Protein chains: 2
Amino acid sequence: MRGRGPWWQDRLQGMGARITAPRELIIEILHETDDHVSAADVYVRAHQINPSIGLTTVYRTLDMLTQLGIVQKFDFGDGKARYELVNNPNGKKHHHHLICLRCKTIMDYTEFLDEELEFVSKTQGKLSKKYNFTITDHAISFYGLCERCR
Amino acid sequence: MRGRGPWWQDRLQGMGARITAPRELIIEILHETDDHVSAADVYVRAHQINPSIGLTTVYRTLDMLTQLGIVQKFDFGDGKARYELVNNPNGKKHHHHLICLRCKTIMDYTEFLDEELEFVSKTQGKLSKKYNFTITDHAISFYGLCERCR
DNA sequence: TTGATAATGAAAATCATTTTCATTAACTGA
DNA sequence: TCAGTTAATGAAAATGATTTTCATTATCAA
C-alpha cells in the first residue's frame, strides 16, 4: 500500500495469476469510484479508456477479485450484481439499505452506525468463533414500504 | 386466520384481485414449506399437483404477493430469487446468513438473536421515523471466508 | 528470446425473469 | 342463474445479465 509496487499485484502473482492491462485498468476504475458499480458500469468506463477491453473480461476479472476478497459483490435484488473494492479509501464501508417491497427503491442510510457497530462487532466475534469463519464485511437490509407506497 | 374464509383472500379481493385456483395452490405450497424457495421450486410442486399451471403464473403470483407484503423476496446472489411467506408459522422468521466469498456457500445461523433483536428494534424504530418507512422485515448477511476456504 | 500456457475478446449459449397475445375463467349486475 | 366484462392464464417469444466456447494474443519463466 505504501511499498513500491501496487498493493494488489502481489495478491495476483501469489496465486499464479498474471498482471495484465485489463486487470490494471479495472482495478484503477474501481479505485476511483466511491460507490458500488455494476459490471456494465465498469465495462463502459473501461471501454472509454481502452476500447479493446471486452465485457467478458470485466466479468471474469470482477469474479476473480471477488474470490480473492479484494472486491465485494452485492446483490440488491434488481437483477444485476454490484461490486466494490473492499478497502476502498472512498468507499462507504457500510452497506445498509432500506428496500421498498412495492416500488423496489433502494435507499442507503448512514445513521445510527454507533449502535450498529456495537452489535456487529459483538455478533461477528461470536459467529467467527462458533463457525470458524473469517468475517470481512456485512450488509444489513430492512424491508418494508416507503413513504410514497404505503 | 381463525375466521371463515382463508386469511389472504380478503387482501386480494380488497385490491380487486380475483381468487383463482393457481393463486390458491401457490399460497398453499408456500404454507407447507418451511424454507425460502425459488420460483422454479414452487413451479415444480405446483405442476405436480396441477399440470396446467405455468411458470409465468408462478412468477406473476409471487410478485403480486410480494407487492402485497404477504410474501418476502430474497436475493442471495446466486442468480435466482427466493420467496417465503412473511407470516409463515413454520418459517424461520429471521434471515441471517454467513456467506463465503470464495465457495459461495450460504449458511443460516440462528444464534445470538437476543442481541440482534435489541439492535434491530432500536434501529428499526429510528429509521422508520426518520424516513417515514414502514419496516416489516430485515436481513443481515456477514461476508467472509468459511472454514474450508480460508 | 522463446515457448508454455494463462488471459483475452467475440460470438454463441445459458438461465432466470418478463412480455406478448390469444384464450379462459372469475365476478358483477341483470 | 346467466351473460358480459375484463382480469388472469399459459405458451411462446423476448429480454437481459452472466457464462461458456474457442481461436488468438500476450505474460512471464527459463
Side-chain angles (χ1 to χ4, degrees), chain A residues 5-6 8-27 29 36-68 71 73-83 103-104, chain B residues 5-6 8-27 29 36-68 70-71 73-83 104:
Chain A
W8 51 271
Q9 299 198 350
D10 298 340
R11 301 283 290 281
L12 294 200
Q13 290 181 317
M15 67 169 324
R18 296 174 180 175
I19 311 299
T20 68
R23 287 174 181 173
E24 284 190 283
L25 181 52
I26 288 167
I27 288 184
I29 286 170
H36 26 63
V37 288
S38 66
D41 293 336
V42 174
Y43 172 70
V44 169
R45 306 276 300 286
H47 205 259
Q48 288 172 343
I49 299 168
N50 179 353
S52 80
I53 286 179
L55 180 56
T56 309
T57 297
V58 172
Y59 273 106
R60 275 190 289 229
T61 302
L62 289 173
D63 191 53
M64 152 179 266
L65 294 174
T66 300
Q67 305 274 319
L68 284 172
V71 156
K73 182 179 180 182
F74 293 96
D75 226 305
F76 296 152
D78 65 345
K80 59 186 94 174
R82 310 302 167 95
Y83 303 83
C103 69
K104 296 170 186 181
Chain B
W8 51 271
Q9 300 199 349
D10 297 340
R11 301 283 291 280
L12 294 200
Q13 290 182 316
M15 67 169 324
R18 296 174 180 174
I19 310 301
T20 68
R23 287 174 181 173
E24 284 189 284
L25 181 52
I26 289 167
I27 288 183
I29 287 169
H36 25 63
V37 288
S38 67
D41 293 335
V42 174
Y43 172 70
V44 168
R45 306 277 299 286
H47 205 259
Q48 289 172 342
I49 299 169
N50 180 353
S52 80
I53 286 178
L55 180 57
T56 309
T57 297
V58 172
Y59 273 106
R60 277 190 288 229
T61 302
L62 290 173
D63 192 52
M64 151 179 265
L65 295 174
T66 300
Q67 305 274 319
L68 284 171
I70 291 174
V71 156
K73 182 179 180 180
F74 293 95
D75 227 304
F76 296 150
D78 65 344
K80 59 186 94 177
R82 309 303 167 95
Y83 302 84
K104 296 170 186 180

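To find a chain, count down the sequence lines: A is the first, B the second, and so on, and within it residues start at 1. Note that the structure is predicted; figures quoted are calculated from it, not measured.
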Does A/Thr56 reach a base, just sugar-phosphate, or nothing at all? Heavy atoms under 4.0 Å.
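If one applies the 4.0 Å heavy-atom cut-off, A/Thr56 turns out to touch a base.
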B/Ser38 and B/Asp41 side chains, donor-acceptor separation under 3.5 Å:
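B/Ser38 and B/Asp41 do have a side-chain donor-acceptor pair below 3.5 Å.
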How many whole angstroms separate atom CG of B/Asp78 from atom C1' of D/dT18?
13 Å
With the side chain of [X] defined as its heavy atoms from C-beta on, choose the nearest nucleotide among [options].
X: B/Arg18; options: D/dT27, C/dA16, C/dC27; answer: C/dC27
X: A/Ala81; options: D/dT18, C/dG9, D/dG10; answer: D/dT18
X: B/Ile19; options: D/dA8, C/dC27, D/dT27; answer: C/dC27
X: B/Ala17; options: D/dG10, D/dT18, D/dA8; answer: D/dA8

Compare all side-chain heavy atoms of B/Leu12 with those of B/Gln9 and state whether any distance is below 4.5 angstrom.
no
Does some side-chain heavy atom of A/Arg23 sit less than 4.5 Å from a side-chain heavy atom of A/Ile27?
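They are not in side-chain contact.
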N/O (side chain, B/Tyr59) to phosphate O (OP1/OP2, C/dT17) under 4.0 Å
yes
D/dA7 OP1/OP2 closer than 4.0 Å to side-chain N/O of B/Thr20
no
For A/Ala39 and for B/Arg23, find the nucleotide of DNA chain D with the closest heavy atom, then tell me which residue's nucleotide is more 5'.
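Looking at the nearest nucleotide for each, B/Arg23 comes out on the 5' side.
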Want to settle it: does B/Gly16 or B/Ser52 sit nearer the 5' end of DNA chain D, counting the closest nucleotide to each?
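Counting from the 5' end, the first nearest nucleotide belongs to B/Gly16.
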Axis-to-axis angle across the helix from C/dT1-D/dA30 to C/dA30-D/dT1, five pairs each end, nearest 10 degrees, ~ 40°
First encountered from the 5' end of DNA chain C, between B/Ala21 and A/Pro22:
A/Pro22
Any donor-acceptor N/O pair, A/Arg45 side chain to A/Ile29 backbone, under 3.5 Å
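Such a contact is absent between A/Arg45 side chain and A/Ile29 backbone.
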